Student: 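What follows is a single structure, and I will ask about it in a moment.
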Protein chains: 2
Amino acid sequence: MTPPQRTAGATLDEVAERAGVSRATASRVLSGDPRVSDRAREAVRTAASALSYVPRQAARSLATRRSDALAFVVAESGDKFFADPFFAGVLRGAQVAAAERRRQLLFVVVANDDDRTRLEEYAAGGHVDGAMFLSVHGNDPLPGRVHRLGVPVVLAGRPANPRVGIPYVTADNVTGGRLAAQALLARGSLRPATVCGPCDMTASLDRLAGFRAELAENGIDLPSTAVTEGDFTISGGHRAMERLLESGERPDAVFAANDLMAVGALRALRARRIRVPDDVAVVGFDDVPLAADADPPLTTVRQPLEVMGRHMARMLMDLADGGQTTSATLAVELVTRTSA
Amino acid sequence: MTPPQRTAGATLDEVAERAGVSRATASRVLSGDPRVSDRAREAVRTAASALSYVPRQAARSLATRRSDALAFVVAESGDKFFADPFFAGVLRGAQVAAAERRRQLLFVVVANDDDRTRLEEYAAGGHVDGAMFLSVHGNDPLPGRVHRLGVPVVLAGRPANPRVGIPYVTADNVTGGRLAAQALLARGSLRPATVCGPCDMTASLDRLAGFRAELAENGIDLPSTAVTEGDFTISGGHRAMERLLESGERPDAVFAANDLMAVGALRALRARRIRVPDDVAVVGFDDVPLAADADPPLTTVRQPLEVMGRHMARMLMDLADGGQTTSATLAVELVTRTSA
DNA sequence: CTGAAAGCGCTAACAC
DNA sequence: GTGTTAGCGCTTTCAG
């Protein structure tokens, strides 16, 4: 294993020498410290660009004890992660916010225990100034462990058992569930059903709770045979819908806890020649691009994905900069298309 | 901006002291150097875990001049990236290979010029030991720039103008195009057409060239009206298929340069009540999970996605470790389902 | 406003 | 085998 032969790359000392100032002054200029004479500033800038100087992060990081990088962690198998445009929206928002403050966003998928360990070491190694966790199931210990290491952490979604000191950002899932119910009710549904999300995620539970509550308030009961659990994937939604159709009486409306499952449900219905929305109305959740493309276009509850990402990144940076933050619950809205 | 208050975290000195050895010995133990007495090794290990010591990467990196991290760079808008399961496959392979050699994989999406600059600085800053680039369009200068910085680079896909010193990994796209043609020919197609990929990507060009060559060798000409460009997305494939149907005589078979576009084509056909494969046979490319789920299931040319990712990561690590590598072209195979 | 000097935490010769 | 000694490149008091 020969040593890596990276082209040397100018050092701050060289820049300073060329500019005829001390390394300290050069450092000040490059980090935007105002107390430097214009003359020196100019000289350093010129020298730096002449040498195409790029600061060595490791050195800076060692001295400052910060990395200027944020981890965007998805605790999910790779496929599921990629298959769901939900993440893309959040990631984009986070990316933008990070860029605003000149932070690099590092994207990490942890699919197994090895990955988890590696991430933990990575975070503990001071490689990131903070980590945001997406798709946290149940009581995943990872965020807590990283937090305990002293690394700022922000969660997407309300944690099952509120962890002290770990703030989160979530959409107002309960209201979202209610909106879905209202949409179905508005179409005159009398036998609604739902394909809910994994029971180990609060987002699933909250949506279901809101849905059920709204129905109850309108005098409609949601029997357990009308509730079936999906896994937030298209095929999971498909299977869940089939289960719903096979057991007991056919529902006249169904709320799928995310758009992917709603699309799966749509497919199951079409396979049986059941018309949507005439025979069965369908409402999804998220409003990912796929929803508008679905056949028929999907009525869904929109979560502000990009805003969520942006918010999480900002919270994390505030925390990393020694500030405070508090959790946030973001509003959702119903987007009416033709499926309900 | 108060200083980040990371919990101190034990240092190597502390571990050494507690173990009653010198820092050098402690370092040796922790980095697996064999020339250490068992006694010392044991003591250091105990001390380290008692203090829950975690090495500070910045310090190590500064001393070793390496970061043990690899960048997985996707030069594409976020959505497109996420929408295409192609990337998921490659990423998974890369992840596995990186893990094998204890490297952290950093995932970066560069969607605009700002992102590019930031990535370049990041790489120049010595934050990664190498970078693999996916979805490289035409003459994107980014990989070349990073390479010129002295950072090992590997490309997914054959570059348009072979860059000296930048190795790549690609599927055998020409053969893939031929296989697609053979599949269509086998169904007796006489008027095949194709939805090709973006013309600024060699993968598109190669697939088209192979397709055309195979047809020609079988006495079939591919007129320009039977070739339409898509953008590797579902909706792009949909639109392209419509263009194909509207212009001139209807084709009796179509080769879409990736599965996403093939699915779009399937939809366009269904919208017009054109039966697949009876009226028009369809062949895709990639063999992403979606292909098997399509209606009807898609016949497609499989690329070994995970193998490609694994290979790229290994090449990069070999390069980073001072070794040599050469480009590789991986075999593809036809997966026959019902669409052709 | 600027420079000198002291680290940040770790690795890697080099001696013993 | 193990300890000593230099740095790696940058920031940051502390004087001036």
Side-chain angles (χ1 to χ4, degrees), chain A residues 1-44 47-48 51-68 121 124-127 129, chain B residues 1-44 47-48 51-68 121 124-127 129:
Chain A
M1 210 154 78
T2 40
Q5 22 209 352
R6 180 141 319 155
T7 48
T11 125
L12 188 55
D13 276 313
E14 294 165 1
V15 173
E17 185 180 358
R18 177 163 180 139
V21 300
S22 76
R23 186 181 7 155
T25 300
S27 173
R28 290 190 188 102
V29 172
L30 268 14
S31 55
D33 189 317
R35 355 192 265 276
V36 182
S37 67
D38 289 353
R39 221 172 125 293
R41 189 186 315 282
E42 183 60 25
V44 171
L51 266 37
S52 60
Y53 167 77
V54 180
R56 206 145 213 301
Q57 266 294 353
R60 169 179 299 195
S61 184
L62 185 56
T64 60
R65 305 175 129 268
R66 47 182 283 176
S67 69
D68 290 323
E121 284 172 0
H127 243 315
D129 292 339
Chain B
M1 210 154 78
T2 39
Q5 22 209 353
R6 180 140 317 156
T7 48
T11 125
L12 187 56
D13 277 312
E14 295 165 2
V15 173
E17 184 180 359
R18 176 162 181 143
V21 302
S22 76
R23 185 176 15 151
T25 299
S27 174
R28 290 191 187 102
V29 173
L30 268 15
S31 55
D33 188 318
R35 359 194 261 277
V36 182
S37 67
D38 289 353
R39 220 172 125 293
R41 189 184 316 281
E42 184 58 28
V44 170
L51 266 36
S52 60
Y53 166 79
V54 180
R56 205 146 215 299
Q57 266 294 354
R60 171 181 302 204
S61 183
L62 186 57
T64 59
R65 306 175 125 266
R66 46 182 284 178
S67 68
D68 290 323
E121 283 171 2
H127 243 315
D129 292 340

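A quick note: this is a predicted structure, and the numbers were derived from the prediction, not measured. Reminder, nothing fancy here: chain letters follow the sequence lines and each chain counts from 1.
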Student: Select one nucleotide: of C:dT11, D:dG3, D:dG9, the one nearest the side-chain heavy atoms of A:L62.
Tutor: D:dG9

Student: Could you give the CZ-to-C1' distance, from A:R66 to D:dT12, as a whole number of Å?
Tutor: 15 Å

Student: Quick one: is A:S27 getting a side-chain N or O under 4.0 Å of the D:dT12 phosphate, OP1 or OP2?
Tutor: no

Student: Measure the spacing between CZ of A:R56 and OG1 of A:T11 and express it to the nearest 0.5 Å.
Tutor: 10.5 Å

Student: Report the distance from atom CZ of B:R23 to atom CZ of B:R28, rounding to the nearest 0.5 Å.
Tutor: 11.5 Å

Student: On DNA chain C, compare the nucleotides closest to B:R23 and A:T25; which residue's is nearer the 5' end?
Tutor: A:T25

Student: Out of D:dT12, D:dT4, D:dG9, which nucleotide sits closest to the side chain of B:A24?
Tutor: D:dT4

Student: Among D:dT11, C:dC10, D:dC8, which is the nearest nucleotide to the side chain of A:T64?
Tutor: D:dT11

Student: Heavy atoms, side chains only, cut-off 4.5 Å: are A:V29 and A:V21 in contact?
Tutor: no

Student: Looking at D:dG3, I'd like to know if its phosphate oxygens (OP1 or OP2) sit under 4.0 Å from a side-chain N or O belonging to B:S22.
Tutor: yes

Student: Does B:R65 put a side-chain nitrogen or oxygen below 4.0 Å from OP1 or OP2 of D:dG9?
Tutor: yes

Student: So if I take every side-chain heavy atom of B:A63 and compare against D:dC8, D:dC10, C:dA12, which nucleotide ends up nearest?
Tutor: D:dC8

Student: In residues 35-44 of chain A, which ones come under 4.0 Å of DNA chain C, going by heavy atoms?
Tutor: A:R35, A:V36, A:S37, A:A40

Student: Roughly how bent is the helix from C:dC1-D:dG16 to C:dC16-D:dG1 end to end, in steps of 10 degrees, with each end axis from five pairs?
Tutor: 30°

Student: Answer yes or no: are there more than 12 heavy-atom neighbours, outside B:E14 itself, under 6.0 Å from its atom CD?
Tutor: yes

Student: Which nucleotide in the list D:dG9, C:dG3, C:dT11 gets nearest to the side chain of A:R28?
Tutor: C:dG3

Student: Grab the CG-C1' distance between A:L12 and D:dT11 for me, whole Å please.
Tutor: 9 Å

